[in-house]
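Numbering of ligands and ligand atoms starts at 1, following listing order.
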Amino acid sequence: MTIPQQVQERAAWLRKEIEHHNYRYHVLDDPVVPDSEFDRLLRELLHLETTHPELISPASPTQRVGAQPLEAFDEVLHPVPMLSLSNAFSNDELSEFDRRVRERLDWQSEIEYAAEPKLDGLAISLRYRGGLLVQAATRGDGARGEDVTLNVRTIGSIPLRLLGKGWPEILEVRGEIYMPRSGFDKLNEKARKQGEKEFANPRNAAAGSLRQLDPKITANRPLAMVCYGLGEVRGGSMATTHTRNMAILSEWGLRTSPELRPVIGVQGCQDYYESIAARRQDLGYDIDGVVFKVNGTDQQQMLGFVSRAPRWAVALKFPAEEEMTRLIAIDIQVGRTGVLTPVARLESVKVAGVTVTNATLHNEDEIRRKDIRPGDTVIIRRAGDVIPQVVRVVTERRDASAREFSMPPVCPECGSELIRDDDKTMTRCSGGLFCPAQRKEAVKHYASRRAMDIEGLGDKLVDQLISKSLIRSPADLYRLDIETLANLDRMATKSASNLLQALEQSKNTTLDRFLYALGIREVGDSTARSLAQFFGDLQAVEAADMETLQSVSDVGPIVARQIHTFFRQEHNLEVIAELASAGVHWPAVEAPQSQSQPLAGLTFVLTGTLQRPRTQAKEELQTLGAKVSGSVSKKTHYVVAGTDAGSKLEKAARLGVKVLEEEQLDELLRTGIAP
Ligand code: JCF
C-alpha cells in the first residue's frame, strides 16, 4: 500500500520540527514553543504513524523521547530505568486508567492510590551507598543521564548523609528538583537589575541552574528537591506501600511531598485533583497536574511498565497554561487616572480552558524589553485568575516586515499631550478634566470632601451620570435639573433636591479648594494651598512659568511641570471658564503679609503622638506660613516630637535638626517667634 505524497511530506516536516524543538528544550533549555504546541506536533505525528505504520522508522522522534546528555557532564547509566509518566487529560482518561489497572490485577473493589502534586522541575536520581550521597544524575533518556553530583551537593534540602539507620547498602531515590516561586522571583529581579537575561519560568531556571558547569553558581540558586520514588535498592528492603516508603525516606532526612495522601478509587483521585487545583496558586511552587500511583508495591510489580512509563501510575494534567497565538495589534487603553496602558489584541486562543483575546502589556518599557511587535507570534500565559500575559515572542516566526512598536504621540482618547516618566514605565494623558476616560475620576475628585465638598454626589451617582452622558465635565454638574436627577437609580425628588442645593452651595468656595478640585496631577490640598497663597488669584497661577512655579514652597520640577502642562491645555481652560460662568467663585486671597506669615520659609516635620490631632497642628503651622513635610532631611528646620516618637526623631538627632516639644510648639504658634 502506498502512502500519499502529502502525508509523507507532512510526516517528514513534523519530524524535523519536533527534533528541533526537542533539542531546544532538552539540550539548550531554551524552548521556542510552549509544551502544548510541542505535544500537538508529536500527537499529529503519532496519529500519522498509527494510520500509516510504514512511516515509522527507528529515528522518528516518537521512538525516542528525551535528549542526549550534555557533553560537558559525564554520562551515568541508570541501573533501574528512570521512568516518566503517562498522561491523562480528563476524568474519562483517568477512569480508563483505573479500569485498565483493575482489569490487569483482576481486582473487583476500589484501588488504593497514592496521590501528590506533579512538580514542574527536572527529574533526578540520587544514589546513596552506606547512607552517603555518592552520585546524582539527571534522567536524560531514562537509561543514561548526566552526572550532576557536584551541583546537587550544593542543594540544601538534599542530605549528603542519611539520617537514622536501617537504610539499604545501595539506595537510589528519585525525585524532582525545582525552584520555588519566591526564589525564582528574587533571581529574576536580580537578573533584571544587573541587565542580564531573565528566565522564562521556574522550570527553565531550575534546569539552567542545575546544568551549570561551575557548582558555585548552582550553590547560589534557590533550588529544592521533593522525592517521589525509588530506583535501585540493594542490601536491604523497603516497605510494601508507596506512602509508607515515602514516610521512611522522610525519616532518613529526604524531603517528600507534604501533600502526599492515600486516596480510594477514581472518586478519591478526582476529589484530590479538585482540592489541589483550588490551592494551586498558594502552593508556592509550579505544578502541572497531580500524580496517582497504585499504592501497593506488590500490585505495582504485577503491573510492570511499558516502554518508558509504569502501568501503575498516571499524571492527571491541568489544562495548558501557555498557548501560542498571533498578536493582531497593540491598542492603547486610557485608565481612570490617565495612565496609558498598551493592550495586546490577540487572535482568540483557549488558554487553560478560557478563551483569551486580550493580554496586558504593562508599559512601553516592557514591550521594548520583550521586543514585542504587532503581527508577531507570541506565547500567552494565563495562570489562575491572573490577567493573561505575553510571555515572549517566537522570533523565529517573525515576519520581516514587523515594525517596532512606539507609543502614540498624543492621547488616543482626547488628543492631549502626554507626560512620560523618565524611565518610560509610565505614560500619562495630560487631558485631565477633558479626557473621557478620566472624566469619572475627575468628577468624583471634584465633588470630594476636601475639594468642592458636594454632599450627596457619590461615586455610584457619578458613574451613572457619565455613563448616561448626562454630564461630561464638572461644569455640567451645574446644568443638571431636578427631573433628570430624580429619575436616576436610587434617587427621588427629595434626594435630587438636596443634591441641587449642595451643588448651589459648592459654588461659593475658596481658591485653594478650587485649585485642588481641578485634579491636577501631583497637586494635593497642601500644594493647592501654597499655590493660592503664593499667587493670590487663578489667572496668575495659569500664567506662571516653570521657574516661578518652582519658587512656591512644596513645588519642585515634577509638580511644576504637571501644573504648567495642565494650564497649557485649551480644554482645561474651557472647563474652568464654564465653571466660572456657572457661578463658581471665591473671595480674593489676601496678599500674604509678612507679619501674618512669621514662619514663612521654615520647614517642620511632625512626629509621635501630639495632644492635638496631627492635621490640626499642620494647619496651624501652615497658617503662619510654615511648610510641613512628611520626612526629615537636611532641609528640615524643626522636628516637633510628641510621645513615642521613633525613627524621625533619631534621624533629626543624626542630622543635627532642632527638636521641639509640643509646649514649645504652642509657644511658637502663639508668639510666631521660633526659639
Ligand atoms: O512531580 C513530578 N514531576 C513527578 C514525576 C512525580 C512523580 O511521582 C513521578 C514522576 C515521574 C515518574 N513518578 C514517576 C514514576
Original post:
What residue among Arg392, Glu321, Glu323 forms side-chain contact (heavy atoms from CB on, under 4.5 Å) with Arg381?
Top reply: Glu321
Subject >> Side chain, backbone, both or neither: the part of Glu176 lying under 4.0 Å from ligand 1 by heavy atom >> reply: side chain
**OP:** Report yes if some N/O of Ser84 lies less than 3.5 Å from some N/O of ligand 1; otherwise report no.
**Re:** no
Subject >> Shortest reach to atom 1 (O) of ligand 1 by a heavy atom, considering only Leu119, Leu83, Leu260, Val226 >> reply: Leu119
Original post:
At what distance is the nearest protein heavy atom to atom 4 (C) of ligand 1, and which residue and atom is it?
Top reply: Tyr228 CE2, 3.3 Å
Original post:
For the residue pair Tyr113 and Phe97, does the interplanar ring angle fall in the parallel (under 30°), tilted (30 to 60°) or perpendicular (over 60°) class?
Top reply: tilted
Subject >> With sequence neighbours excluded, residues passing side chain to side chain contact (heavy atoms under 4.5 Å, CB included) with Glu172 >> reply: Pro79, Ser125, Arg127, Arg174, Glu232
**OP:** Answer with yes or no after comparing the ring centroid distance for Phe292 and Tyr273 against a 6.0 Å cut-off, counting only values under it.
**Re:** no
**OP:** Mark the output for Lys293 as yes if a heavy-atom distance to ligand 1 is under 4.0 Å, and as no if none is.
**Re:** yes
Subject >> For Glu116, the ligand 1 atoms whose distance to one of its heavy atoms is below 4.0 Å >> reply: 6 (C), 7 (C), 8 (O)
**OP:** Heavy-atom contacts with Leu85 under 4.0 Å: which atoms of ligand 1 show up? List them by number with element.
**Re:** 5 (C), 9 (C), 10 (C), 11 (C), 12 (C), 13 (N), 14 (C), 15 (C)
Original post:
Under 3.5 Å, is there a donor-acceptor pair between the Thr377 and Arg397 side chains?
Top reply: no
Original post:
With respect to Glu112, which candidate in Thr243, Thr241, Asn295 satisfies the side-chain hydrogen bond (donor to acceptor under 3.5 Å, both in side chains) definition?
Top reply: Asn295
